[in-house]
Number of protein chains: 2
Amino acid sequence: MATRKENSTYSSNEKWIIECDLTYAVNKIGGRWKILIISKLESKVHRFSELKKELPFITERMLALQLRALEKDGLVKRTVYAEIPPKVEYELTEMALEFGPIFKQLSIWGGKHRSDTNSSS
Amino acid sequence: MATRKENSTYSSNEKWIIECDLTYAVNKIGGRWKILIISKLESKVHRFSELKKELPFITERMLALQLRALEKDGLVKRTVYAEIPPKVEYELTEMALEFGPIFKQLSIWGGKHRSDTNSSS
DNA sequence: GCCATTACTTACATGTTTGTTAGTACCGTA
DNA sequence: TACGGTACTAACAAACATGTAAGTAATGGC
């Protein structure tokens with residue numbers, strides 16, 4: 001997300017991780033906010049400020065960073081309108097839309113098992 | 001994973017995250033190594049040392065930490081045999097086995113799109 | 001000119017995760 | 001008595017991710 005040092009163990013381990021199709025995929029949607037953002041974008045195209053409103057606990061900085069990352073990974077398309085005040089729209093790409101059914105299943109899993117574990121203690 | 005400060009914004013934001021079934025689920029398998037560990041355990045019960053051998057880039061410390069976390073989250077069952085030298089076996093719980101088909105789909109997604117993005121630059 | 005609006009960016013501080021190295025306990029065997 | 005095997009743990013250091021606060025640019029309306 002931020003600048004990465006190459007050659008650290010941390011970085012070189014990442015190479016192992018993305019060699020696996022599964023972890024490669026998970027890596028794309030990893031982090032704290034990406035999935036929430038994608039979920040919002042699934043229903044409709046959003047402006048930056050709309051996302052901000054719908055995800056009030058994400059700071060502007062994080063939202064911007066995550067959107068950039070998603071864009072770079074080809075999951076989100078960014079459209080800038082040359083207006084003042086600025087208007088920027090974000091929408092999912094085909095690639096990202098394919099996550100739909102997977103997210104649904106994960107969501108079902110979550111709903112089913114949320115109460116299973118006593119997360120106290 | 002390590003000690004968490006409660007009441008930090010970071011922590012309180014987590015509460016929002018696990019309110020959503022989807023992000024709750026993803027949170028359980030988040031982090032760098034959990035998915036790889038679960039994948040290995042899908043095929044068969046493993047001893048600690050077997051996992052270590054199959055995932056050579058994970059340090060012992062990380063392996064131990066992640067296994068503990070998975071155990072706490074009810075995804076992995078740990079069985080200790082009172083022998084010397086020690087023998088400990090790890091296996092997936094029912095709950096974790098349900099990830100199977102989801103992981104498969106994610107894996108397919110990964111395989112399909114790995115080449116799409118030019119991850120250079 | 002001053003303020004509001006939108007979509008950001010920058011500098012800095014804090015918090016969390018991961019990696020490094022060394023060490024523990026137990027017993028059997030040499 | 002020293003050594004090997006297993007499954008860890010502890011103390012420390014480095015890297016990364018996230019949060020805070022403030023600032024930028026352009027233009028239209030007051």
Side-chain angles (χ1 to χ4, degrees), chain A residues 1-17 23 26-27 29-37 45-71 76 78-90, chain B residues 1-17 23 26-27 29-37 45-71 76 78-90:
Chain A
M1 221 60 59
T3 41
R4 276 264 178 98
K5 263 199 188 163
E6 301 300 320
N7 302 13
S8 65
T9 308
Y10 190 99
S11 283
S12 63
N13 269 346
E14 196 164 56
K15 306 216 172 74
W16 283 107
I17 287 170
T23 44
V26 173
N27 227 43
I29 53 174
R32 185 154 256 220
W33 307 117
K34 284 185 189 164
I35 287 190
L36 285 172
I37 295 170
V45 174
H46 278 72
R47 297 183 61 174
F48 187 88
S49 54
E50 290 172 333
L51 284 169
K52 215 171 72 177
K53 229 168 289 170
E54 292 200 47
L55 302 167
F57 29 90
I58 309 185
T59 60
E60 284 185 53
R61 172 183 149 73
M62 273 301 120
L63 186 53
L65 279 177
Q66 304 290 3
L67 284 169
R68 294 265 177 253
L70 288 168
E71 191 193 358
V76 159
R78 181 165 175 266
T79 310
V80 184
Y81 296 87
E83 306 173 3
I84 295 289
K87 176 177 171 186
V88 180
E89 284 187 343
Y90 294 92
Chain B
M1 218 59 57
T3 41
R4 275 266 179 98
K5 266 199 187 164
E6 300 300 320
N7 302 13
S8 65
T9 308
Y10 189 100
S11 282
S12 62
N13 268 346
E14 196 162 59
K15 307 215 170 73
W16 285 107
I17 288 171
T23 44
V26 174
N27 227 43
I29 53 174
R32 186 154 257 222
W33 306 118
K34 283 185 189 163
I35 288 190
L36 285 171
I37 295 170
V45 173
H46 278 72
R47 298 183 60 174
F48 187 87
S49 54
E50 290 172 332
L51 284 170
K52 215 172 71 178
K53 230 167 290 171
E54 293 199 48
L55 303 167
F57 29 90
I58 309 183
T59 61
E60 284 185 53
R61 170 182 151 75
M62 273 301 119
L63 186 52
L65 279 176
Q66 305 290 5
L67 284 168
R68 295 264 178 254
L70 288 169
E71 191 193 357
V76 158
R78 180 165 175 268
T79 310
V80 183
Y81 295 88
E83 305 174 2
I84 295 288
K87 176 177 171 185
V88 180
E89 284 188 342
Y90 294 94

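First the proteins, then the strands, lettered A, B, ... as listed; each starts at 1. For clarity, every value in this text was computed on a predicted model and none was experimentally measured.
Distances shorter than 4.0 Å separate none of the side-chain N or O atoms of A:Tyr10 from OP1 or OP2 on C:dT16. Between B:Gln66 and C:dT17, a side-chain N or O to OP1/OP2 separation shorter than 4.0 Å is absent. Phosphate proximity of D:dG19 to B:Asn13: present, with a side-chain N or O under 4.0 Å from OP1 or OP2. Considering only side-chain N and O atoms, B:Thr9 lies under 4.0 angstrom from the phosphate OP1 or OP2 of D:dT20. Residue B:Ser11 places none of its side-chain N or O atoms closer than 4.0 Å to OP1 or OP2 of D:dG19.
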Every protein N/O within reach of nucleotides 9-12 of chain D N/O, cut-off under 3.5 Å:
unit_1: D:dT9; atom_1: OP1; unit_2: B:Arg68; atom_2: NH2; d: 3.1

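Contacts with DNA chain D (heavy atom under 4.0 Å) in residues 49-59 of chain B: B:Ser49, listed by number. For DNA chain D, the residues of residues 82-89 of chain B within the heavy-atom distance limit of 4.0 Å (strictly under) are B:Pro85, B:Pro86, B:Lys87, B:Val88, sorted by number.
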TODO: Could you walk me through whether A:Arg68 and A:Glu71 pass salt bridge (Lys or Arg N to Asp or Glu O under 4.0 Å), step by step?
DONE: CA-CA 5 Å; A:Arg68 294 265 177 253; A:Glu71 191 193 358; 3.8 Å; yes
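The shortest distance between side-chain heavy atoms of A:Leu67 and A:Phe48 falls below 4.5 Å. Looking at heavy atoms from C-beta onward, A:His46 lies out of side-chain contact with A:Ile37 at the 4.5 angstrom threshold.
The residue B:Tyr90 sits close only to the backbone: its heavy atoms come under 4.0 Å of sugar-phosphate atoms, none of a base.
The bend of the helix from C:dG1-D:dC30 to C:dA30-D:dT1, defined by the angle between the axes of its first five and last five pairs, stands at 30° to the nearest 10°.
Remark: A:Asn13 pairs with A:Thr9, A:Trp16, B:Arg32, B:Trp33, B:Phe57 by the side chain to side chain contact (heavy atoms under 4.5 Å, CB included) rule, at least two apart or across chains. For B:Lys87, the side chain to side chain contact (heavy atoms under 4.5 Å, CB included) criterion is met by B:Arg47, B:Tyr81, B:Glu83, B:Glu89, not counting sequence neighbours.
Rounding to whole angstrom units, OH of residue A:Tyr81 and C1' of C:dC8 are separated by 18 Å.
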